Every structure is written in C-alpha cells, then in structure tokens.
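As structure tokens, the structure follows; a few thoughts come after it.
Remember, it's a predicted structure, so these values are computed and weren't measured experimentally.
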Amino acid sequence: MGFAWVVEAQTPGMTHGAKVAPAGSIVMALDLVVVHSPVGGGHRSAALAVAEAARARGLTVEVLDTFAYAPRVLGRAYLGAHLAWTGALPELYGAAFEAANTRGGALEPMRRAVDHVAWAGLVTRVVELAPRAVVATHHLPLVVLGRARRKGWLASPLVGVVTDYGTHAVWAEKGVDALCVAGPDGLREAAGHRFAVGKLHVTGIPVKRAFESVPDVTQPAPGEATRVLVTGGGFGVGPFAAVVRSFAGIEDVELTVVCGRDARLARRVARVAERLGIHARVLGFEEDMPARVAEAHVVVGKAGGLTVSETLTAGRPLVLAGVVPGNEAVNARLVTRFDAGCVARPTDVGTLVAAMRAHHLFEPMGHNARAMVVHQAADRVVDVSVAAASKHANLAAA
C-alpha cells in the first residue's frame, strides 16, 4: 500500500494520530476514505474504528464528515430534526421509520434531488482524493456517492457499513459495491430490500479495538458498590434525570453518568444526584469510553447501534432505558433475545439493577453479551474494503 500525508476533515484540531499536510497539499496514494455523518455519535465512532483498524495495517486513511460539505444551515436542520423526532416525538419517528422501510415512494425522487444538490461538495472532495476504496458509515453519503459511482464520476469502489442490527431500506443504495451488515437479521433484511446477496457481508458493527480487551465482568463482592455506567452517546440523548432518580434509596451503588457535549444536562444531572444523596460522577463528552465501560458492572443507555455493540463487545450487560421505536427497538430486541440485557422504563432502572445484582446476573449476562457479538468487526470491514479495491484494480487492468 502507498504512503500519504493525511488531513482529517472532522472536528478542528483533532487528527487522531494522522500525519497532517500543509494547506493545499495533495493527498497521494490514499488507501481509504471513510465518510460519516454526525447524526448521533455512533456513525462517527464506527468511522473512527474502521480508520483505526486500517491504520494498524499501515493503510493511509482520511475521515470525512458529510456535513462539512453542505451549507451549515442544512446540516443543522438535518441534525435538529433527527434529535427532535427521536427525543420529543418518538412514536411519530417510529411510524416514519417503518413507512420509509421500503424502496421507492412518491417523495423519494424529490428527496434524492435535494441530497444530490446539497452534498455535491462531498462527491467533489472524494473524487479529488481518488482513494482505493470509500467506506461510508451512514446512509446519507451512500445516496450521493452511489449516484456518482453509477454515473462513472467516482472510480473508487464504495462500501457501506450498517450501524444497527437491522438493515433499513435506506442502506440498499444502487451503486454500492459492498454492504457490511451486523448479523444474520441484517443480512436477511438487506436481501429483502433487493440488495444483491453477493455484495452482502456479515462483519458486525465496527468498534474501537480497546473494547475487545476489556476484562470480563465479575459479580460485586459483599460490601462492594455496584458500578453503573449511564450513557447517552456523544449528544447526551436520553432520560438521564429519570434514570438517576431511579437509584434514590438504593444502597451500594456508584454511578458514572456520561452526558456528552450537553453541559447544561451535566449540571442538571449533578444537581439531581446531589439532592437525592446518590453517589454519582457526572462527566461531559468522554473520549475513552472503553475505560469507562471497563469500570462498570452494568451499562445503562439508549439502544443505538454503537452503544449496544461497544457494550456487548466489552462483555457488559445492558439496561436499555427509553427505547425509541424504529432502529432502537430492533437493537433492543436482539439484546433481550440473547439475554444480554433488559429493557426498562427510566423510572425502574435502579430497582432492576439492584435485582440483577441480587440474582447474580451480571456475569452470565456479560458472558452472553460477549458471545453474541461479531468480534473484530472493524478489521472485517477493512477486509471487505481491501478486497473491493483489489477487485476494482484487477478489472481496471484487464
């Protein structure tokens, strides 16, 4: 593989170990471009996990934020609408999720036309970089890059990575050379959306390598506190205050609450814990989530694909609070089907965690969690991407 100077087009000042070129430099012999969208923190986390796995092999990688290539007001509107629907109108979000879970529809041509115009800059940038392969961890870039692939503007093969345990119809884009899915359920659903079976790969959902090496969970010793990690991802989405209140009066519990980038939420949660006498460490955005998960006996969170995959990979039982209909419900059903965790109302979480401890469930549920997940998922995605690049190179040389 070739060497390249790499500039990360993400959060300013964050290069994640890449070599940074002077402004205006040309990226040469680039192996992978990995594209994500900041709709929740999971898509970015999956993209960084793929980049981490690729760099470990000596591949050159550039990570792009889709929203950096559209008018800022549009990106904010897209994100704001997503958070509003999932947070304030979850039932309507679930209904819309199901209604859109089919190819075609009267409004689809209009939506696609808007996407192609709004994110044309992403296509220009990716074509300019000319990587050996492109990986996308969100369906939005697949829409515009898939079209560029079909039109012949993008020569690089395009690989999609589904970041939930089901495969919604929006992932089954034409022009995608390979689609990586989480498991057998996702495989069946993708095939049901008429995505070519020969292009489907069960890889699991990519997570950082550090989650793989987290030690197995053990039952708290007598007198030892139950360590509970409460998380809502990078945006701090979830019923945090209600979950924290549910631990009022429960003995031998220590909470770590990761509130993401919402400073006001962190202050509010800290006040709730202090008022109720709950031992809680309240954090903002956390870069080292593997370390936080490793400290915990149990993780409480939303049923997003990355929260679920990171926790399962680390062998920790999950309590899923406030599950939103749609993709979260799909993920939650998988967790409960394999007895790797439970679904609870936010107000019942504390009581449920106490019962899990009393019945010595942390260890067996943690074992189930680790056994059910596809491990080394990021490496598997890189395998698929390298194979797609090699196949393309061979075809081009023929």
Side-chain angles (χ1 to χ4, degrees), residues 42 164-166 182-185 204-205 207-208 210-233 238-240 242-244 246-247 250-258 289-324 327-377:
D164 286 300
Y165 282 88
D185 291 352
I205 297 175
V207 302
K208 290 182 177 179
F211 287 104
E212 299 276 3
S213 58
V214 170
D216 291 337
V217 66
T218 58
Q219 183 72 16
E224 180 185 2
T226 303
R227 295 185 296 276
V228 183
L229 173 63
V230 183
T231 178
F240 283 88
V243 168
V244 171
S246 75
F247 285 91
I250 295 178
E251 298 180 353
D252 296 327
V253 171
E254 294 178 359
L255 305 184
T256 297
V257 187
V258 178
M289 281 301 291
R292 300 290 78 78
V293 173
E295 295 169 349
H297 293 106
V298 59
V299 175
V300 179
K302 298 286 283 177
L306 265 292
T307 296
V308 170
S309 295
E310 290 169 351
T311 305
L312 297 179
T313 300
R316 291 299 183 271
L318 260 171
V319 175
L320 299 169
V323 174
V324 174
N327 58 307
E328 287 194 11
V330 172
N331 298 334
R333 284 195 293 270
L334 184 87
V335 170
T336 56
R337 187 200 313 168
F338 288 93
D339 292 327
C342 309
V343 175
R345 292 180 299 183
T347 53
D348 294 336
V349 169
T351 302
L352 177 59
V353 168
M356 291 170 71
R357 173 171 179 161
H359 290 88
H360 301 273
L361 294 180
F362 294 146
E363 289 186 8
M365 280 190 166
H367 174 78
N368 292 342
R370 198 155 238 165
M372 64 169 282
V373 74
V374 179
H375 291 271
Q376 287 83 45

ask   = Is it true that a side-chain atom of S309 and a backbone atom of L306 form a donor plus acceptor pair closer than 3.5 Å?
value =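 Checking the backbone N and O of L306 against the side chain of S309, no donor-acceptor pair under 3.5 Å is found.
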
query = So, does R292 use its side chain to make a donor-acceptor pair with the main chain of T256 at under 3.5 Å?
reply =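 Absent.
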
Listed by chain and number, what are the side-chain contact (heavy atoms from CB on, under 4.5 Å) partners of [X], not counting sequence neighbours?
X: N331; value: D164, Y165, A303, V308
X: T313; value: V207, F211, E212, V373, H375
X: E363; value: T218, Q219
X: D185; value: R188, L334, R337

request  = Given side-chain contact (heavy atoms from CB on, under 4.5 Å), test M289 with T231 step by step and report yes or no.
outcome  = CA-CA 10 Å; M289 281 301 291; T231 178; 4.0 Å; yes

inquiry  = Using 0.5 Å steps for rounding, measure from the CG atom of L320 to the CZ atom of R333.
reply    =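 If I round to the nearest 0.5 Å, the distance is 12.5 Å.
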
For residues 340-348, dump all side-chain donor-acceptor pairs below 3.5 Å to protein atoms at least two apart in sequence or in another chain.
{"from": "R345", "atom 1": "NE", "to": "D348", "atom 2": "OD2", "distance (Å)": "2.9"}
{"from": "R345", "atom 1": "NH2", "to": "D348", "atom 2": "OD2", "distance (Å)": "2.9"}

inquiry  = If the condition is salt bridge (Lys or Arg N to Asp or Glu O under 4.0 Å), which residues does D216 pass it with, not counting sequence neighbours?
reply    =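 Testing D216 for salt bridge (Lys or Arg N to Asp or Glu O under 4.0 Å), a comparison that skips the adjacent residues, returns R370.
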
Taking all non-hydrogen atoms of both residues, which atom of [X] and which atom of [Y] are closest, and how far apart?
X: V330; Y: G166; value: CG1-N, 3.6 Å
X: V217; Y: R316; value: N-NH1, 3.2 Å
X: A321; Y: P239; value: O-CD, 4.2 Å
X: G204; Y: V374; value: CA-CB, 3.7 Å

Is [Y] close to [X] at the side-chain level, that is, under 4.5 Å between some pair of heavy atoms?
X: L229; Y: E295; result: no
X: V228; Y: F247; result: yes
X: V298; Y: M356; result: yes

task = Step by step, work out the side-chain contact (heavy atoms from CB on, under 4.5 Å) result for L352 and V319.
result = CA-CA 8 Å; L352 177 59; V319 175; 4.0 Å; yes

query = If you look only at pairs with a residue in residues 218-227, which of them pass as a salt bridge (charged side-chain N to carboxylate O under 4.0 Å, His left out), with sequence neighbours excluded?
reply =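 Those involving residues 218-227 are E224-R227.
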
inquiry  = Which residues pass the side-chain hydrogen bond (donor to acceptor under 3.5 Å, both in side chains) test with R357, not counting sequence neighbours?
reply    =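 Result, side-chain hydrogen bond (donor to acceptor under 3.5 Å, both in side chains) vs R357: T226.
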
